[in-house]
Amino acid sequence: MAASKMRIALIQMAVGETKTTNIKRAVQLIREAAGGGAQLIALPECFNSPYGTKYFPQYAETIPGESTEALGEAAKKFGVFVVGGSVPEKEGDKLYNTCTVWGPQGNMIAKHRKVHMFDINVPGQIMFRESDNLSPGHNFTTVDLPNCKIGIGICYDMRFPEMAHIYSQMGCKLLLYPGAFNMTTGPAHWELLQRGRALDNQVYVAAISPARDPDAEYIAWGHTSVVSPWGEVISTCDEEEAIIYADVDLDYVTKVRQMIPILNQKRNDLYQVTTK
Ligand SMILES: NC(=O)CCC(=O)C(=O)O
């Protein structure tokens, strides 16, 4: 594959209640995705645990721990980068929703704690309060891959355009959001948000959901997908377990930015997005 290209695989994994089965399944699917030529492989939010406030304390572990160590071993065995969806992380008396990123030598190269807590109330449809037992992270997380800087957010983080914009200002060309939207906000906003973030920043956006389990307490929307810097959905699936692939092309990012040069046309004299 040309140096300007990178094949990514997103794993829309069926997550159940048995942690060890989830970990084993993740490793099997990473093997399959590596066999499909992927250089970077991403898992969904909460790949080792059902998504839900009652599960977070029960499934939480330290990092490294059982679930994340398995990702490091898989990254090394199959010679790929792994963006490990997320796991409920325990540190001291706090819990976080945390994504780890692993390099082909099996080393952890980044750790992102979800920054924005998913606390919403859509009356009669969905009420969720992640902050009842999770704490937010306070950092941006980027990773320098051999030919592409990537930015990591987790699910609800995708709703915040400033965060994506900061990542693009930092030089990211691909944003990855392990996420688990639901049957209310999924059909309404999942694709729209990905396309918005991609188009605003002229970057690739990948969002990785668990497969839908209709019997789960929190039912995931699925529809794992990749959007191009032109705002087109270039790879997607429905709600079943699946691996989807896309070839991220950095030359295409440059081309889109040359054709419609909004990133150079910003009126920094009138407004700015800055970090604190
Ligand atoms: N896990 C999450 O953060 C869910 C976010 C979500 O569903 C949304 O609508 O935002």
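Numbers here simply count residues along the sequence, with the first being 1. If you're wondering where the values come from, they're calculated on a predicted model, not measured in any experiment. First listed ligand is number 1; within each ligand, the first listed atom is number 1.
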Is there a side-chain contact between Trp102 and Ile109 (heavy atoms, below 4.5 Å)?
-> no
Taking only heavy atoms of the protein into account, state which residues are under 4.0 angstrom from an atom of ligand 1, in chain and number order.
-> Glu45, Tyr51, Lys114, Phe118, Cys155, Tyr156, Arg159, Ala180, Phe181, Asn182, Thr185, Tyr218
Non-neighbouring partners of Glu89 that pass salt bridge (Lys or Arg N to Asp or Glu O under 4.0 Å), sequence neighbours left out = Lys111, Arg113
Residue pairs fulfilling salt bridge (charged side-chain N to carboxylate O under 4.0 Å, His left out) with at least one residue in residues 134-144, sequence neighbours excluded = Asp144-Lys149
Are any of the side-chain heavy atoms of Arg195 and Glu232 separated by less than 4.5 Å?
-> no
Please state whether the rings of Phe160 and Tyr156 are parallel, tilted or perpendicular, taking 30° and 60° as the class boundaries.
-> perpendicular
Could you tell me which residues satisfy ring-ring contact (aromatic ring centres under 6.0 Å, His included) with Phe181, sequence neighbours excluded, listed by chain and number?
-> Trp190
